[in-house]
K.L.:
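Mind having a look at this structure? Questions to follow.
Below, chain A is the first sequence line, B the second, and so on; all start at residue 1.
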Protein chains: 2
Amino acid sequence: MDVLMTNTKDNILDAAERLFAERGYEATSMRAITSAAGVNLAAVNYHFHSKERLLQALFTRRLEMLNRKRMELMDAYEAEYGKRPIPIEKLVHALIEPMIDITGERPNSNKAFSVLLGRMYSSPHSSLDGILLSDIRNFAERFETAIRRSLPDIPPEDLYWRVFFALGATIHSLASSHLLQKISRGLCNPDDRKGAQEKLTAFIVAGLKTPTNPGLMKKRLSRTAKTDRGK
Amino acid sequence: MDVLMTNTKDNILDAAERLFAERGYEATSMRAITSAAGVNLAAVNYHFHSKERLLQALFTRRLEMLNRKRMELMDAYEAEYGKRPIPIEKLVHALIEPMIDITGERPNSNKAFSVLLGRMYSSPHSSLDGILLSDIRNFAERFETAIRRSLPDIPPEDLYWRVFFALGATIHSLASSHLLQKISRGLCNPDDRKGAQEKLTAFIVAGLKTPTNPGLMKKRLSRTAKTDRGK
DNA sequence: GTCTATATGGGGATAGAC
DNA sequence: GTCTATCCCCATATAGAC
């Protein structure tokens, strides 16, 4: 905790972030991390006590950045729109843009964490559930209030599901876009972050806005459901 | 390969499927698998040669079922609509329903594989990429042709991206719905498969259908983009 | 704070009896 | 086909010198 503290800790965090994203948590050894970070094997246990707490420290670091960026965007939008509903496009931007653009001190470390985030969301028994939930709680409540005001005709339960689907599409596009490139035979370029984000935003906005069908929707649901939303 | 063959192999596959889904591949030991399956430790290497090939065998088994179900649905829809475009709802159904409803010989084994599938899609360096891609290739080409005919105004690249987002939302809802239950404080019930599938379908259909904005879409894209879709 | 050396345990895989 | 016993390696974590 010195003011001129050596950056051993950060070196370890950066290396671990990259390797966990590439190989997964279990498949990455402490030796691989310390070797990549250029530090001694024992340094990890000295600074972080254990491998698991290294992972937690790593996530806490990024999730605080993520949360802060989201909050800043919400601040700006609420200042801009006051008591009027914030457009869905803006809300979606506050939700997903910070996930896509997590920039770190080191170049390209953001991509590593994006992939890692996708990995970790798919790991039910991880010790990170608590961290994922608690670090996001503040934003989640604020976002919930805002989106309910912007989409008053969508029932709250459906809103939760839809935001959940939106996050799934986002995480998947962060974590597995290499598959898209293969399956599209190169037509889609995952490295075009901005283009992908625009397409993703359009997809999500449409999904969030679509009117709900109150009753059974088994038969021919779309052709006739052209009732325009209020607002 | 006897006709009255012992079900040791299937016991191992079922146990491995469940444990891989719960704990992840790396974190699951051969000893845990054989113990859960009630077979001897050496049986895995005898029947599957290695842990990795056990995983591959497990995926091949399920993906063949998945592919077959998708193909059957496409058969039915193509027979029903002939040369006319198949409605998007139907195409989405053929895409996601088999992923949600992978039923196995044993009860609840389907849920395990759903989670595992979500896990594995997020693992870039997995030895499963080839299996995931090749087993799906036939369906993918057929689906691609069909959706282009049903959504002729969406550029092929955008279609790829949107189907990719749709799969992301689906996989995420399979793999991480436990988080949704927590964050919604019980309002959303992930065990209601049919309800979730309806909401997911509505979300995806809207996202697939939404018109593309050819130029820059930076400023105020939604309020004015009320141009009714063709079709 | 950083290093070397090592304790301690569990992992995948296999040999060889039955 | 199934079992026991074991090989051999690599993992995390720590003790203790510097």
K.L.:
Roughly how many Å is it from NZ in A:K51 to P in C:dG10, rounded to a whole number?
P.N.:
16 Å

K.L.:
Can you classify the ring geometry of A:H93 versus A:Y77 as parallel (below 30°), tilted (30 to 60°) or perpendicular (above 60°)?
P.N.:
perpendicular

K.L.:
With the side chain of A:A42 defined as its heavy atoms from C-beta on, choose the nearest nucleotide among C:dA13, C:dA15, D:dA15.
P.N.:
D:dA15

K.L.:
Between C:dG10 and B:S29, is there an OP1 or OP2 to side-chain N/O distance shorter than 4.0 Å?
P.N.:
no

K.L.:
So, is B:S50 close to the C:dG12 phosphate, meaning a side-chain N or O under 4.0 Å from OP1 or OP2?
P.N.:
no

K.L.:
Considering only side-chain heavy atoms of B:Y46, which listed nucleotide, C:dT2, C:dA13, D:dG1, is closest?
P.N.:
D:dG1

K.L.:
Starting from P on C:dT2, measure out to CG on A:N45 and report it in whole angstrom.
P.N.:
14 Å

K.L.:
Determine, for B:D75 against B:R142, whether the closest basic-nitrogen to carboxylate-oxygen distance falls under 4.0 angstrom.
P.N.:
yes

K.L.:
Can a side chain N or O of A:H47 be found less than 4.0 Å away from OP1 or OP2 on C:dT2?
P.N.:
yes

K.L.:
With a non-hydrogen cut-off below 4.0 angstrom, is B:T28 in contact with a base, only sugar-phosphate, or nothing?
P.N.:
sugar-phosphate

K.L.:
Is there a side-chain contact between B:T8 and the phosphate of D:dT2, meaning an N or O under 4.0 Å from OP1 or OP2?
P.N.:
yes

K.L.:
Got a salt bridge between B:R61 and B:D14, using NZ or NE/NH1/NH2 to carboxylate O under 4.0 Å?
P.N.:
yes

K.L.:
Under 3.5 Å, is there any donor-acceptor pair linking the side chain of B:R31 to the base of C:dG10?
P.N.:
no

K.L.:
Tell me: CE of A:M30 to P of C:dT6, nearest whole Å?
P.N.:
20 Å

K.L.:
Expressed in angstrom and rounded to an integer, what is the separation of A:E26 atom CD from D:dC10 atom P?
P.N.:
18 Å

K.L.:
Check the phosphate of C:dT4 against A:N40, side-chain N and O only, distance under 4.0 Å to OP1 or OP2. Yes or no?
P.N.:
yes

K.L.:
Give me the ring orientation class for A:F165 and A:W161: parallel if the planes are under 30° apart, tilted from 30 to 60°, perpendicular past 60°.
P.N.:
tilted

K.L.:
Expressed as a whole number of angstroms, how long is the span from A:I12:CD1 to C:dG1:C1'?
P.N.:
11 Å

K.L.:
Regarding A:Y160 and A:E144, do their side chains bring together a donor and an acceptor under 3.5 Å, going by distance alone?
P.N.:
yes

